[in-house]
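In what follows, a structure is listed as structure tokens, so that the remarks can point back to it.
Counting starts at 1 for both ligands and their atoms, following the listed order.
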Amino acid sequence: MLITGASSGIGAACAQRLAAEGDRVYGTSRHPGDETDTPGVQMLAMDVNSDESVTAAIEQLVRAEGRIDVVVNNAGFGIAGAVEDTSIEEAKALFETNFFGMLRVCRAVLPTMRRAHQGIIVNISSLGGLIGLPYQGLYSATKFAVEGMTEALRMEVRQFGIRVIMIEPGDFRTEFTANRLYVAGSKENSAYKESFERAINVVEKDEQGGSSPKQIAALLVKVLAKRSPKVRYSVGGMSQRGAAVLKQIVPNRFFEWALMKYYRV
Ligand SMILES: NC(=O)c1ccc[n+]([C@@H]2O[C@H](COP(=O)([O-])OP(=O)(O)OC[C@H]3O[C@@H](n4cnc5c(N)ncnc54)[C@H](OP(=O)(O)O)[C@@H]3O)[C@@H](O)[C@H]2O)c1
């Protein structure tokens, strides 16, 4: 089993839990061998932004184990800023990790999974992949892209005995908040400054007041045991999961109004 971004947060919690269940777990980090290594987990070096790095890590894993049963595509980060304040370079860097990084890992493991006629790919999306979040618009865009790619991939690889699943977390207490990048344009004379700061305050409070990522690890264990898993599993506080359901049933105008009021936009 391989979990990308296993040095921290959700990836570390999932890696630890699955290792405790007796699975052979490999985790990845851009800096393996330091104090962030997860105990009980074999850490591999991988930067999901690099073709060479992803290929080398997957080759190392296949050489050691001969197969890959499960891949959890979790590595990712967030950026905050108004859409207008986000430069194309900042947006591309985010897509490089959150979307192309996931695609790279999928493409690297699929030949081995197809040959074995089995495998499970779990892509970590977000409730922000179902709802465009104000001042996290580019982050939401990467996760909407993950949602679309994953839905299609799932249908394409079923013929090879491979199952593809998404987990959509709400707000969880991890290093995600501290690691979030603020776009440069949000700092200098942004026309959005006050509304942006109010919204991001709400976001950060919700994340740091969120549940432990152990809850996601527990869901992952359950999902991996299913013979016929669904395409998506949301996880998080009732109000956050409820918002994604509400979006589908109430008029768009009302949903937008409620979201803007909540984030004080
Ligand atoms: N926390 C939340 O509230 C929340 C909600 C919804 C979705 N998510 C999603 O959950 C996933 C994990 O987030 P988290 O909350 O656990 O955040 P985190 O604590 O900041 O952990 C992020 C992990 O991703 C890895 N990573 C970042 N960039 C990478 C790159 N270029 N190549 C390889 N690894 C990279 C980091 O590893 P190294 O730095 O060691 O390389 C780290 O292990 C992300 O995809 C995020 O979008 C989180």
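Short contacts between ligand 1 and G9, defined as distances under 4.0 Å to a heavy atom of the residue, involve ligand atoms 16 (O), 19 (O). Taking a cut-off of under 4.0 Å to the non-hydrogen atoms of E175, the atoms of ligand 1 that pass are 19 (O), 20 (O). Short contacts between ligand 1 and S125, defined as distances under 4.0 Å to a heavy atom of the residue, involve ligand atoms 7 (C).
At least one heavy atom of G170 lies less than 4.0 angstrom from ligand 1. For N74, the heavy-atom gap to ligand 1 drops under 4.0 angstrom.
For the pair K92 and E96, the salt-bridge criterion is not met [side-chain N within less than 4.0 Å of a carboxylate O]. Salt bridge status for K143 with E168: absent, with no side-chain N to carboxylate O gap under 4.0 Å.
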Side-chain polar contacts of residues 46-53 - donor-acceptor pairs under 3.5 angstrom, sequence neighbours left out - could you list them?
from: D47; atom 1: OD1; to: N49; atom 2: N; distance (Å): 2.9
from: N49; atom 1: OD1; to: T97; atom 2: OG1; distance (Å): 2.7
from: N49; atom 1: ND2; to: T97; atom 2: OG1; distance (Å): 3.3
from: S50; atom 1: OG; to: E52; atom 2: N; distance (Å): 3.4
from: S50; atom 1: OG; to: S53; atom 2: N; distance (Å): 2.9
from: D51; atom 1: OD1; to: R104; atom 2: NE; distance (Å): 2.6
from: S53; atom 1: OG; to: D47; atom 2: N; distance (Å): 2.7

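The proximity of T97 to ligand 1, defined as any non-hydrogen pair under 4.0 Å, is limited to the side chain. Counting heavy atoms closer than 4.0 Å to ligand 1, residue K143 contributes side-chain atoms (C-beta onward) but none from N, CA, C or O. Neither the backbone nor the side chain of A12 comes within contact range of ligand 1; no heavy atom lies under 4.0 Å.
The hydrophobic cluster containing Y26 also contains I58, counting ILVMFWY residues as joined when their side-chain heavy atoms lie under 4.5 angstrom apart, directly or transitively.
For the pair I120/L224, a side-chain contact is recorded, criterion being any heavy-atom separation below 4.5 Å from C-beta on.
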Start with the C-alpha gap between F95 and Y139, add the side-chain angles, then the distance that decides, and say whether ring-ring contact (aromatic ring centres under 6.0 Å, His included) holds.
-> CA-CA 8 Å; F95 267 88; Y139 175 72; over 10 Å; no
Please walk me through it: do E65 and R24 pass salt bridge (charged side-chain N to carboxylate O under 4.0 Å, His left out)?
-> CA-CA 9 Å; E65 298 291 333; R24 285 169 75 80; 2.7 Å; yes
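Remark: minimum distance from atom 14 (P) of ligand 1 to any protein heavy atom is reached at T174 OG1, 3.5 Å.
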